[in-house]
Participant: 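Sending over a structure as C-alpha cells; questions will come in a sec.
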4 protein chains.
Amino acid sequence: MESIGDIRRTEIIEAFFRTISEKGFARATIREIADRAGCNHGLLHHYFEDKQAIIHASVEHAVNVYKQDLLEGLNKFESAAEQLRFLVPRYLDIGRLNLEISQAWLDLYALSKNEASIQKPVQACFREAREIISGVIARGIRDGEFRKVNARVMANVILASLEGATLLWVVDAEETPLKAIGKQIDDLIQTYLQKE
Amino acid sequence: MESIGDIRRTEIIEAFFRTISEKGFARATIREIADRAGCNHGLLHHYFEDKQAIIHASVEHAVNVYKQDLLEGLNKFESAAEQLRFLVPRYLDIGRLNLEISQAWLDLYALSKNEASIQKPVQACFREAREIISGVIARGIRDGEFRKVNARVMANVILASLEGATLLWVVDAEETPLKAIGKQIDDLIQTYLQKE
Amino acid sequence: MESIGDIRRTEIIEAFFRTISEKGFARATIREIADRAGCNHGLLHHYFEDKQAIIHASVEHAVNVYKQDLLEGLNKFESAAEQLRFLVPRYLDIGRLNLEISQAWLDLYALSKNEASIQKPVQACFREAREIISGVIARGIRDGEFRKVNARVMANVILASLEGATLLWVVDAEETPLKAIGKQIDDLIQTYLQKE
Amino acid sequence: MESIGDIRRTEIIEAFFRTISEKGFARATIREIADRAGCNHGLLHHYFEDKQAIIHASVEHAVNVYKQDLLEGLNKFESAAEQLRFLVPRYLDIGRLNLEISQAWLDLYALSKNEASIQKPVQACFREAREIISGVIARGIRDGEFRKVNARVMANVILASLEGATLLWVVDAEETPLKAIGKQIDDLIQTYLQKE
DNA sequence: AATGAATGAGAGTTCATTCAT
DNA sequence: GATGAATGAACTCTCATTCAT
C-alpha cells in the first residue's frame, strides 16, 4: 500500500527524469519539475529537503529500476555464455526503450565529476554492473566455457562498449545502429571468449 | 600571423575548458572563465557575441585539437592492423593525459542533446571518428588483412568501447584500469578481425 | 474552569516565547512554535486567526504575568522607601530568572516600533510600570520620606535604568554584573531621594 | 578622495538604517534597501558578499559614527565631573537627533542574541562605552572629585540608564520626556558621586 | 582595448495560510 | 479537534549581459 506521499515522491522523481531528458539538467528547475509533476513548486520542498535530495533520490531510484531488470533476466539462464548473450542486447534495450532515462543518465555522469552527492551513487551503479558482468565471466572461466582472461578487465571492456554505444546513440541516434552494434559486440565477445 | 584578438580568443577557449573540467559546466560562469583567462569578464563579450558563442567556438576548437592528432599518427603506419593497434591506446591516451579535456567532453556530450549549437559539432566529431576508423577497417578487408565485417558497425563498436572506457574512467578513475582495458580492447579486436 | 481551547492557547503562547527566546523572532515560524507546543502547525490557525494574533495574545499574556508579580510584592511593604528597595532587585530578578522572557521582550520592543498591534500592549506595559513606580515616589514625597522631585520623570529614570540593565545583560551577560548593578541602582536612588 | 565604490557602500549602509528604522528589520529586504539606496538590488551583491555582510558593515559603521562623537566631546573638558555632565545629555541627544539610528540599534540589540555576527560588534560597542565611562569615573575618584565607588559597576549603571532611556523613548516617545530624564540622570549621578 | 558599475531575469528556498480528510 | 498536503507570495542570491568611462 502506497501512501500519497510515496506516490508524490515517485511522481516528482519521474518528472525530474522527464525534465532533464527533455530540457537538460541545467534547465531542470524546481518549477519545471513541479509543472511536469502536476503540482506546485512549494510541494517539492515539502517532500524533499532540497534540490540535491531530489537528485540523490532520483539517481538511487534509477539505479534500481535500470539495473534490477538485468539480474532478474540473468537468472533465467544456466550457462555463462547464454547469460552474456542475454546481457548485451538487454542492456542496450533498456536504454533504447527508456529514452528519458538514458539521456538523463548522461547528464548524471557529467555531473558526477563535480557533485560528490551524485558521484557516489553513480560509481556504485557502475561497480555493481562490473560485478555482475565479471561474476558471469569468472563463472564461465571456472566452468571451462570461457578461455582464461582477467574477468575484471574484461567486464570493464564489456561495460565500456555498452555504455559507449548508448552514449553514441544518445548523441546521434541516426548514425548509431544500436541493434547492429549490440549484435556485433555480442559476436565479438563470444568469439573471443570461446576461442581455444 | 595571429592578431591580439585571436590570441585572446584562444586564451578564453582554453580557460573555458579548464573551468568546466575543474568546476563543472554548471559553475563555468563568465566571471570564472575570465579569471582563468586573466582578463576582465566584460572583455569576453567583446570577443564573443555571448556565452553560447564561447561554447560553440570551444567545441569546434576541441574537435580539431583532439582528433587531428589521430590522423597524423595513422599516417605513420602501413597496414590496417598496425593502424588499429596504434589507434586504440592513442585514443585513450589523449584523454588520460589530457584529463581536463576528457572531463569537459563529457559535459559537452550531455549538453549536446539539448543545445543544437553544441550538438552539431559534437556529432560532426563522432562522424569523423567513425569515418577514420571504418576507413581503416574497410582497407583492411580490401587488402585481405581482416575478415569480412560491416566496417561501419565495427567502427561504431570500436568507437563505443573507446568512448565508453573514457566515460568509466572519468566517472571512477580508481576502478577503471584504463591501460589494461585498452590492451584488452586491442586484443579483442585484433583477434576477431584476423580470425579466419 | 479552563476549556481545552484555553489550555491549547496557553501552550501555544508559552511555546511562542520559548521559540523567540531560543531562536530569535525571525526564526519563530509557525511550524517551530507548533513543534514546541507539541501540536500540528495547522492547529495554530484553528486557535488563532493568524500569526499576528499569536504575537498579540502573547504580548498581552506576558504583560500580565511579568508585571503582576510586582504589584503583589509591593503590597507587602508599608513605606515608599521599602517599596522601592524591594522593587529594584525584584524587577531585575524576574528577568534574570526568566531568561527566556527577557530575551523575548527585547524582540518585542524592537518589533513594537513597526507593528501597531504590538506597540499598543508594549506601551501599555511601560505605562503601567511608570505608574506603579511614580505612585510609590509620589506617596514617598507626600509622606515626607523623599525629597521633592518630579515623580513622573524620576519614575522614568528608574524604569530606564532597570530596563537598560536588563538590555545590557541580555546582550552580554558576562560583562554585566546584574546583581551588583541592581544594588548600585538601589543605593543611588535611595541616597538621592532621601538626601535632605 | 572617495571612489564611487565607497560612496555606494555608504549609501547602501545608510539606506539599510533608514529601512530598518522605517519598516523594521524583518521587512528590510535587499530590494527595499536597494530602492532606498536608489540602485538595483543586484548591485548590493556587487558591493557586499551577502546580506550578512551589509548588516555587519552597518553595525561597524554605526558604532563608529555613534560613539566617536562622545570621545571627541569628552576631550574638551578637564574635570571628570564636567566630562560626565557633558556625556549624559550628549549620549541621549545623539539618539534623539538621529532617530533612524536609535530605532535601528534596538533591532540590532534584539538580533544580537541569535546572530553571532551581530553579537560581536554590538558587545564591542557596549564594552567601549563602558570603558569610556568607567575611565572617567576612575579618574574622578583618583583626583578626589568623586567618592569611592566601583567604577565598573557605576559605569554599567550609567550606561544602563542611558540605553534604557533611549529604549523607552523609541518605544513610546510621547510618554518619555527624554530631556528631563537626561537632566534627572545627570543630577542623580553628580549628587551621588560628589556626596561626601 | 579594457574595466567594472549597473541591470534584470530567474534560480532555490522559506513560510504563512488554506483546506480536504 | 487534528492532520498534513497543497498553494503562492516573497525572500536571498546568481549571473549573463550592457554600457559609460
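Values in this document were obtained by computation on a predicted structure and should not be read as measured data. Naming convention: chains lettered A, B, ... in sequence-line order (proteins, then strands); numbering from 1 in each chain.
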Participant: With pairs taken as Watson-Crick or G-U wobble and both distances under 3.5 angstrom, which stems of at least three consecutive pairs involve DNA chain E?
Facilitator: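 Stems for DNA chain E, defined as runs of 3 or more consecutive pairs: E:2-21 with F:2-21.
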Participant: Output the rounded distance in Å from CD1 (C/Ile30) to P (E/dT18).
Facilitator: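 In whole Å, E/dT18 P and C/Ile30 CD1 are 11 Å from each other.
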Participant: For A/Phe48 and E/dT14, give me the distance from atom CZ to atom P, rounded to whole Å.
Facilitator: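 Rounded to the whole Å, the gap is 15 Å.
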Participant: Is the backbone N or O of A/Ile20 less than 3.5 Å from a side-chain atom of A/Gln103, with the two atoms forming a donor-acceptor pair by type?
Facilitator: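 Looks like no, no N/O pair under 3.5 Å.
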Participant: What one-letter contact string describes nucleotides 1-7 of chain F from 5' to 3', where B marks a base within less than 4.0 Å of any protein heavy atom, S marks contact via sugar-phosphate atoms alone, and - marks no contact?
Facilitator: SBBBBBB
Participant: Output the rounded distance in Å from NZ (D/Lys23) to C1' (F/dA10).
Facilitator: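 Going from D/Lys23 (NZ) to F/dA10 (C1'), I get 13 Å.
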Participant: Within a strict 4.5 Å, meaning less than it, do heavy atoms of the C/Leu106 and D/Leu106 side chains meet?
Facilitator: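 Sidechains of D/Leu106 and C/Leu106: in contact.
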Participant: Could you give all pairs that pass the salt bridge (charged side-chain N to carboxylate O under 4.0 Å, His left out) test and reach residues 107-121 of chain B, with sequence neighbours left out?
Facilitator: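 Qualifying pairs: A/Arg27-B/Glu115, A/Asp107-B/Lys113, A/Lys113-B/Asp107.
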Participant: Judged by each residue's nearest nucleotide on DNA chain F, which is more toward the 5′ side, D/Gln52 or B/Thr29?
Facilitator: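 Looking at DNA chain F, the more 5' nearest nucleotide goes with D/Gln52.
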Participant: According to a strict under-4.0 Å criterion, is C/His45 in side-chain N/O contact with OP1 or OP2 of E/dT17?
Facilitator: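 For C/His45, the contact criterion (side-chain N or O under 4.0 Å from OP1 or OP2 of E/dT17) is met.
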Participant: Can you list every salt bridge (charged side-chain N to carboxylate O under 4.0 Å, His left out) pair that touches residues 39-66 of chain D, not counting sequence neighbours?
Facilitator: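 Every pair satisfying salt bridge (charged side-chain N to carboxylate O under 4.0 Å, His left out) with a residue in residues 39-66 of chain D: there are none.
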Participant: How close do A/Leu44 and A/Ile30 get, heavy atom to heavy atom, and via which atoms?
Facilitator: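 Between these two residues, the closest heavy atoms are CD2-O, 3.7 Å.
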Participant: Identify every side-chain donor-acceptor pair in residues 9-18 of chain C under 3.5 Å, counting partners at least two apart or on other chains, and give the distances.
Facilitator:
unit_1  : atom_1 : unit_2  : atom_2 : d
C/Arg9  : NH1    : C/Tyr47 : O      : 3.2
C/Thr10 : OG1    : C/Asp6  : O      : 2.9
C/Glu11 : OE1    : C/Arg8  : NH1    : 3.0

Participant: With the side chain counted from C-beta on, respond yes when B/Val122 and B/Trp105 share a heavy-atom pair under 4.5 Å apart, and no when they do not.
Facilitator: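 A side-chain contact exists here, since the closest heavy-atom pair is under 4.5 Å.
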Participant: State whether the side chain of A/Gln123 and the backbone N or O of B/Val171 hold a donor-acceptor pair below 3.5 Å, judged by distance alone.
Facilitator: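 Answer holds: yes.
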Participant: Identify which nucleotide among F/dT17, F/dT12, E/dT13 has an atom closest to any side-chain atom of A/Asp50, counting heavy atoms from C-beta outward.
Facilitator: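 Nucleotide nearest to A/Asp50's side chain: E/dT13.
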Participant: What is the distance from CG of A/Leu44 to P of E/dG12, rounded to the nearest Å?
Facilitator: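 Rounded to whole Å, this separation is 10 Å.
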Participant: Does anything in residues 30-41 of chain C pair up under salt bridge (charged side-chain N to carboxylate O under 4.0 Å, His left out), and if so which pairs, sequence neighbours excluded?
Facilitator: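 Qualifying pairs, neighbours excluded: C/Glu22-C/Arg36, C/Lys23-C/Glu32, C/Glu32-C/Arg36.
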Participant: To the nearest Å, give me how far apart CD1 (B/Ile55) and C1' (F/dA16) are.
Facilitator: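 That distance rounds to 11 Å.
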Participant: How close or far is atom C1' of F/dT14 from atom NZ of D/Lys51, stated in whole angstroms?
Facilitator: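 My rounded result for the distance is 17 Å.
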Participant: Nearest whole angstrom, please: distance from the P of E/dC15 to the CD1 of C/Ile54.
Facilitator: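 Between P of E/dC15 and CD1 of C/Ile54: 15 Å.
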Participant: In whole Å, what is the span from the CZ atom of B/Arg27 to the P atom of F/dC13?
Facilitator: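 My rounded result for the distance is 18 Å.
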